[in-house]
Structure formats: structure tokens, C-alpha cells
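Below is one structure, written out as C-alpha cells, with a few remarks after it.
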Amino acid sequence: MVRKLKYHEQKLLRRLELVSWEAAAGSLAEVKALRRYRLGRREDYVHYKALARTVRTLARRLRDLGPASAAFRSRCAAALLEKLHGLGLVSERQSLAVCESLSAAAFCRRRLPCLLVKLRMAQNLRHAVTFVEQGHVRVGPEVVTDPAVLIPRAVEDFITWVDASRLRQKVLDYNQERDDFDLAA
């Protein structure tokens, strides 16, 4: 019979799982990406890696089609590039070579907190994740509280502060753009 672990012992052994130790340990690149992009869950990064791998294999299969199916290949390649460009994962729609170098980091860069830093609505990713989780940011008319939301290019211009947000009021005060009507409400 084994005794129950004390609190400090549980804290020391939190990451050690003797049953599934291989699955718990990630690669060093994965851990760096989790920290760099402030991913809350490891499953999100695994999902992004799987999506990137799927796009790369699809681009490779399209590239390897024979000359008999050139029209089909060009049509499918254009559709794939248009889709990836619309999502903001690739910057140019010219060749399948950009699809073959797609990585999970491209998906991480399209998350809402990363775009908040890019749009200079937050100083760093830590603050951006906090703003999103606290409900200070909306995309279009909807308030978003999940930092794992991927934002396409078409919606990127509609990222704003929530109307009742204290951060919005501070920004308006700083820029001296706050309306007197807003003070009464």
C-alpha cells in the first residue's frame, strides 16, 4: 500500500506521469512554440501540426500529378492557394512551393492574440491573451474569449475593443477622442 503524496511532493511530480511518460514529453521545438505563442493547450499545437502536414501532403500530391491532368492540377492548386491566402497562412498565391513549406507556426501566427500584438493593441502576447480571456476584444459583433480563434484575412480589419471595455475608454482618453456622450452612459 502506497501513502498519499504530500502537496509539495505532488507539485514536484506534476509533470511526471509514469504510465504515459512518452506521450507527456514533447519535443524541444514543440515546447518552444508553446511558450513563444502562449498556447494554453498542447492539443492546439498538435492540431496545427496535423493541419500543416495535411496541406503539405496535398501540395505534394498535386505536384506529382502527371501531365495528363494539368488542367485539374492547376484548378486544384489555385483553389488551395486561394484558400490558404484567405486564411492568411501564405502571403502569395503563385506556386505550390509556399504550401510545401507551411508549418504549424503559420497557424499560431493567425491566432487572435498574435494579431492583437501585430495590430499594436497589446504590448506582448501575455497581455493579449489576458485581454482576450477577460472579454475585452470583439471580432465583428461577437465578443471572443477564446485565444485559440484563428482569424482569416477578411475579418482581420474588424478586430476592435468591446464598447464597454475599460481598455477602450483608456485608449480614447489617451488619444483625446472620448465623447462626452459616452461619459454619461
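Throughout, residue positions are numbered sequentially from 1 according to the sequence presented.
Residues Phe107 and Ala52 approach most closely at CE1-N, 3.8 Å, considering heavy atoms. Nearest heavy atoms, Leu89 versus Leu102: O-CD1, 3.8 Å. Closest of all the heavy-atom pairs between Pro147 and Thr145 is CD-O, 3.5 Å. In terms of heavy-atom proximity, Ser91 sits nearest to Arg153 at CA-NH2, 3.7 Å.
When the side chains of ILVMFWY residues are joined at heavy-atom separations under 4.5 Å, either directly or via intervening members, Ile159 and Val171 end up in a single hydrophobic cluster. No path of Ile, Leu, Val, Met, Phe, Trp and Tyr side chains, each step under 4.5 Å between heavy atoms, connects Val162 with Leu167, placing them in separate hydrophobic clusters. At a threshold of 4.5 Å between side-chain heavy atoms, the hydrophobic network of Ile, Leu, Val, Met, Phe, Trp and Tyr places Val139 and Leu119 in one connected group. Note on Leu84: it clusters hydrophobically with Leu51, by side-chain heavy-atom contacts below 4.5 Å among ILVMFWY residues. Note: the hydrophobic cluster containing Val132 also contains Val155 (ILVMFWY, side chain heavy atoms under 4.5 Å, direct or indirect links).
Ion pairing of Glu9 with Arg3 is present here, as a side-chain N (NZ or NE/NH1/NH2) and a carboxylate O approach within less than 4.0 Å. The pair Arg60-Glu100 does not meet the salt-bridge criterion, since no charged nitrogen lies less than 4.0 angstrom from a carboxylate oxygen.
Under the 4.5 Å side-chain criterion, counting only non-hydrogen atoms from C-beta, Val144 is in contact with Val149. The shortest side-chain heavy-atom distance between Glu156 and Leu115 falls under the 4.5 Å cut-off. A 4.5 Å side-chain heavy-atom check between Arg109 and Lys118 finds every atom pair outside the cut-off. At a threshold of 4.5 Å between non-hydrogen side-chain atoms, the residues Val98 and Leu81 count as touching. Between Val137 and Val143 the shortest side-chain heavy-atom distance does not fall below 4.5 Å. Between Leu87 and Leu150 there is no side-chain heavy-atom pair separated by less than 4.5 Å. Looking at heavy atoms from C-beta onward, Trp161 lies in side-chain contact with Met121 at the 4.5 angstrom threshold. In this structure the side chain of Leu80 reaches within 4.5 angstrom of the side chain of Leu96, judged on heavy atoms.
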Item to complete: Determine, stepwise, if the pair Arg110 / Tyr48 fulfils side-chain hydrogen bond (donor to acceptor under 3.5 Å, both in side chains).
Response: CA-CA 11 Å; Arg110 295 306 299 178; Tyr48 298 152; over 6 Å; no
Practice prompt. Test Asp44 against His47 for side-chain hydrogen bond (donor to acceptor under 3.5 Å, both in side chains), laying out the working first.
Written response: CA-CA 5 Å; Asp44 290 339; His47 188 66; over 6 Å; no
Discussion item. Please evaluate residues Asp163 and Arg138 with respect to the criterion side chain to side chain contact (heavy atoms under 4.5 Å, CB included), reporting the C-alpha separation (whole Å), side-chain torsions for both, the decisive distance (0.1 Å), and the verdict.
Written reply: CA-CA 9 Å; Asp163 291 335; Arg138 69 181 172 143; 3.7 Å; yes
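Taking CZ of Arg73 as the start and CZ of Arg61 as the end, the distance is 15.5 Å to the nearest 0.5 Å. Distance CG/Leu116 to CG/Asn124: 11.5 Å, rounded to 0.5 Å. Here the straight-line distance linking atom CD1 of Ile151 with atom CZ of Arg111 works out to 10.5 Å at 0.5 Å rounding. Annotation: the span from Leu112 atom CG to Glu133 atom CD amounts to 11.0 Å, rounded to 0.5 Å. Separating the OG1 atom in Thr130 from the CZ atom in Arg126 is a distance of 6.5 Å, to the nearest 0.5 Å. Annotation: the span from Cys108 atom SG to Arg36 atom CZ amounts to 9.5 Å, rounded to 0.5 Å.
Under a cut-off of 6.0 angstrom, the local environment of CD in Glu43 is crowded, with over 12 non-hydrogen atoms contributed by other residues, nucleotides or ligands. Within 6.0 Å of CD on Gln123 lie no more than 12 heavy atoms contributed by other residues, nucleotides or ligands.
In this structure, the side chain of Thr54 engages the main chain of Ala50 through a donor-acceptor pair within 3.5 Å. A donor-acceptor contact shorter than 3.5 Å is absent between the side chain of Ser69 and the backbone of Phe72.
The aromatic rings of His136 and Phe131 sit perpendicular, their planes meeting at an angle over 60°, well past the 30° parallel limit.
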